[in-house]
Engineer: 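Can you keep this structure in mind? I'll have questions shortly.
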Amino acid sequence: MTRGIFTPSRGGWALIRSTWLSWMQYRSFFFILAFGWMIPPLIYLLVWSTAAGEGSISGMTRGAFVAYYLILILVNQITYAQTNWTVGDLIRYGQINKVLLRPIPPLYDALASEFAGKVVYLVFVVPILVILAFVLKPELDLTLLNALAFIPALIFAWALRFFWGYWLALLAFWATRADALLALQDSLVFLLAGQVAPIALLPGALKTLAVILPFRYMVAFPVEVITGQLTRPEMLTGFAIQVGWMVAAVILYALLWRYGLKRYSAVGG
Amino acid sequence: MENTIIRVMELTKTYRVPVRAEGLGASLKSLFKPTYSEVSAVQAISFEIPQGEMVGLIGPNGAGKTTTLKMLAGLLHPTSGQVSVAGYEPWQRQPQYLRRISMVMGNKSQMLWDIPPLDSFRVLGEIYSVPKKEFERNLEELVQLLEMKELLTKPVRNLSLGERMKCELTASLLHRPSVLFLDEPTLGLDVSMQLRLRRFLADYNRSSGTTVILTSHYMADVMALCPRVILIHHGKILHDGELGTLARRLMPFKILRITLKQESMAENELPELPDGVEVLEAESNNLNLRVPRDEAAAITAKLLETLNVADLTIEDPSIEAVIDQVYTDGGQ
Amino acid sequence: MRPFRLIGSFMRASFQEDAAYRTNFFISLFTSLLNLLTGVLGILVLFGQIDSVHGWTLASTLAVLGVYLVVSAVRGLFISPSFDSLSGMDGEIWSGAFDFTILRPVNAQFFASFRKWRLFALLDLVLGVGVLVAAVIQLGVVLSVWQVLFFLFMLVVGMSILYAILLIFAALIFWSPGVLFTWVFDGLFQMARYPANIYPGWLRMVLTWIVPVGVITTFPARALTDSITPVELVVSMLLAAALLVVASILFRVGLRKYASASS
């Protein structure tokens, strides 16, 4: 596994293409999944916008809540790494052998389903968000700087969430059921990544926890960037913490792959 | 028959199969206006089975065996015709009826995967309301017959295929059914396990008087266990009776195997043979011939006279060959 | 009583199955606590900012969450595990192992509804009751025996509605195996964490009368504060009865369809 895992190869692209084509066959299934993922933030959108009513809560008006949550739904969909669940299953049922026998790095399998999945989900989610935007009338002051900063924040958020989940899933090499950990991570993201409430509204200690832990940087941070909730220094600190956690996740991923495979081949699955 | 337990009259089953064309447009259309074609799986079959008999239901894949078996058990609703098993109409699935039958399917399991068989058995005991004493007695008897005492406390997922089939059989006999339906019970098992299960089934049938209906693709199962076979093909009964009679009726031939003395056979040249003899195989000094059953004796005498024979045997065609002929050309 | 003995033996076997995966226990425990925390914190954060939304205060909203947790726990205790073993790619209807289920001398709907139990859900039940108690204390009312009984009655009505809806989905699997009706419903059911009145008007109507998840949690919580009108009481009882009848007919038709189509 020491080959350059980030060098694209023809085999890799072919894999992505074929995965995407086969996923489109089952699009209704994935549309339903995407629907399920949209609901929880949608609930909080409705709750908070109702609560704000005609006034505002901590400086956020009804329209601001709508904008915040609609963008959050989009970001959540883009960064949610459903592949991580599959990785754990592959290891548990010994199907990882099939992946290991291919002449391309195993990371491509995960990336292939990531890209394929993203396209399928977005085909479903984007039109719905557009309709919701017309009905719920979001208010957003978009500056060029915020819009530009949003792009790296989103990409880092995806990478962080992907590799963070991946290393958790790789624990399946040691524990039989790593999926409980993934469920736990989903709950933490739900609480600390701005879904239950925008981070700014959380009570003191919880807010500090959210800022320190990696979960905010998987979903909420890009949303805060584009909706202009952050001052310049807050934004820069945010990027620093985000990149730090991302690097940590990649290192953990690489280490666990290495030792996990060693253990796997020693035990013989 | 006086003690008939299963009576089947003009039993027919026709499936409606949705026809789907390829492409998105066609599948959308079929959503609103589905088109069906009719496939008849079983066509007006009739037979009777007396209490305690062991009957083999044979036929090629898709012949209608499993469909027939499922209608007898009450899993399928017949399109027309009548079935009576132990005095009940199976498809009504009355609890009293279901307590008198049992079914084992070679490709499906009724055991709970993660816990030892004994615990699955106890649940089944409750489901069939078997009194506690009787349950223990039946279990002990079956465990002894199947030699599976050490399996009782291991999780099912750790058992081999053969061991699992022992559990399936125990599970289905705990409530002492009067009729046992076996659908491919020896599927995928090794030869010695097949033999042991066969012995068990024969013993159990004899001692308990349970009526057994068996489908299998292994002719050895059927030959060893079933004095009577019902051969189904294209949904119709082609034969109902002994397996031997079937062979004689469908294959009025004998196979002659002749070994000639080395020097007598010219290179690549067959000796002259009497009329009615068909050469199946001819290799160096060995000959395999097919001769009409009635003329077998005469032809053999003639061959012994004309050829320089070292060894000669007369055989019936193998049951597999008979069945193959039936399956490929419908026994014509 | 035979049904109870049967349920007892199903429970025993299921507990043994669960115990095979003991290692998951602590993580499941932690996830349960975290889910509870998320729910409660969501409400606390909201009412930290404002006093009431459409007449719902911290205490009464907490009561709705409590009912939601209790109902979800009961669902997770046996309804979902039992129905899940029917549906899905490795479910019985898909694999054909359902043949064994309908050959048992037990009512098929009873068997399909009660045979799998999940021990961990008892923990969720305790947590849910805890939230309910906290909500009642927060409400500052003293409940009479009759009020408690009335609340329990509304809870049973709500759970019957939930059970009937899930049975309908389970029955639909006879027509199209593998489709995730339940997943869609789960999304909507999550909305029942909050009082139906908190949502915009059109959604409130949908949640009360079209997909009646609002009735399942909001009505019992309102029973605690005596704000159920007699009309609502009668209508919700009729709704539960009608759904139960429809669901059980649909299940029976599904069984017949299974018996005429499988091969």
Side-chain angles (χ1 to χ4, degrees), chain B residues 13-18 31 39 41 62 64 66-67 69-71 73-79 90-91 93-105 107-116 118-129 155-157 168 171-172 175 177 181 183, chain C residues 1-22 24 81-82 85 90-112 114-119 175-176 179 252-263:
Chain B
K13 176 74 195 177
T14 312
Y15 290 116
R16 284 203 330 152
V17 184
L31 199 63
V39 178
T66 305
T67 305
L69 203 66
K70 284 187 165 182
M71 284 192 283
L75 283 170
L76 273 180
H77 197 301
T79 311
W91 56 266
R93 286 197 300 272
Q94 286 156 292
Q96 304 92 306
Y97 168 69
L98 295 174
R99 271 191 208 113
R100 293 198 56 184
I101 62 151
S102 207
M103 189 161 188
V104 172
M105 293 178 253
N107 54 351
K108 287 168 201 165
S109 174
Q110 56 185 323
M111 309 299 291
L112 295 167
W113 193 242
D114 287 314
I115 61 175
L118 187 59
D119 298 307
S120 286
F121 295 156
R122 293 203 187 284
V123 176
L124 286 170
E126 288 297 330
I127 289 176
Y128 284 93
S129 0
V156 172
R157 68 184 132 85
E168 297 286 338
S172 58
H175 61 285
F181 299 102
D183 192 13
Chain C
M1 285 295 282
R2 186 162 135 78
F4 293 108
R5 283 193 55 168
L6 261 179
I7 288 176
S9 89
F10 294 151
M11 275 172 135
R12 243 191 325 276
S14 301
F15 288 170
Q16 280 168 307
E17 281 186 287
D18 267 349
Y21 291 106
R22 202 169 32 226
N24 257 15
S82 297
S85 62
D90 52 354
E92 284 200 341
I93 293 174
W94 189 262
S95 72
F98 192 62
D99 285 354
F100 287 117
T101 303
I102 53 178
L103 280 184
R104 302 295 180 217
V106 176
N107 178 292
Q109 185 188 327
F110 172 85
F111 195 28
F114 288 104
R115 65 169 152 189
K116 280 261 183 299
W117 293 70
R118 217 180 71 94
L119 177 66
W175 281 272
S176 87
V179 177
R252 207 162 312 159
V253 176
L255 272 182
R256 202 169 309 153
K257 146 126 185 144
Y258 180 84
S260 64
S262 70
S263 61

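Computed over heavy atoms, backbone and side chain alike; hydrogens, waters and symmetry mates excluded. Proteins come first, then strands; the chains are lettered A, B, ... in the order of their sequence lines, and each starts at number 1.
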Engineer: Is a side-chain donor or acceptor of B:Glu168 paired with a backbone partner of B:Gln110 at a separation under 3.5 angstrom?
Structural biologist: yes
Engineer: At a heavy-atom distance under 4.5 Å, which candidate from C:Val106, C:Leu103, C:Thr101, C:Asn107 has the highest pair count against chain B?
Structural biologist: C:Leu103
Engineer: Side chain, backbone, both or neither: which part of B:Met105 has a heavy atom under 4.5 Å from chain C?
Structural biologist: both
Engineer: Look up atom CD1 in B:Ile101 and atom OG in B:Ser172, then write down how far apart they are to the nearest 0.5 Å.
Structural biologist: 10.5 Å
Engineer: Tell me, out of B:His175, B:Met71, B:Arg93, who's got the most heavy-atom pairs with chain C below 4.5 Å.
Structural biologist: B:Arg93
Engineer: Based on non-hydrogen pairs under 4.5 Å, which of B:Pro155, B:Ser109, B:Ser102 is most in contact with chain C?
Structural biologist: B:Ser109
Engineer: Do the non-hydrogen side-chain atoms of B:Ser120 and B:Leu112 ever get within less than 4.5 Å of each other?
Structural biologist: yes
Engineer: Is it the side chain or the backbone of B:Ser129 that comes within 4.5 Å of chain C heavy atoms, both, or neither?
Structural biologist: both
Engineer: Examine distances only and state if a side-chain atom of B:Arg99 and a backbone atom of C:Arg104 form a donor-acceptor pair shorter than 3.5 Å.
Structural biologist: no
Engineer: Look at the rings of C:Trp117 and C:Phe114 and say which category their plane angle falls in: under 30° parallel, 30 to 60° tilted, over 60° perpendicular.
Structural biologist: parallel
Engineer: Under 4.5 Å heavy-atom distance to chain B, tell me which part of C:Phe10 shows up: side chain, backbone, both or neither.
Structural biologist: side chain
Engineer: Once rounded to the nearest 0.5 Å, what's the spacing between atom CD1 of C:Ile102 and atom CD of C:Glu92?
Structural biologist: 10.0 Å
Engineer: For B:Arg122, which atoms come within 4.5 Å of any heavy atom of chain C: side chain, backbone, both, or neither?
Structural biologist: neither
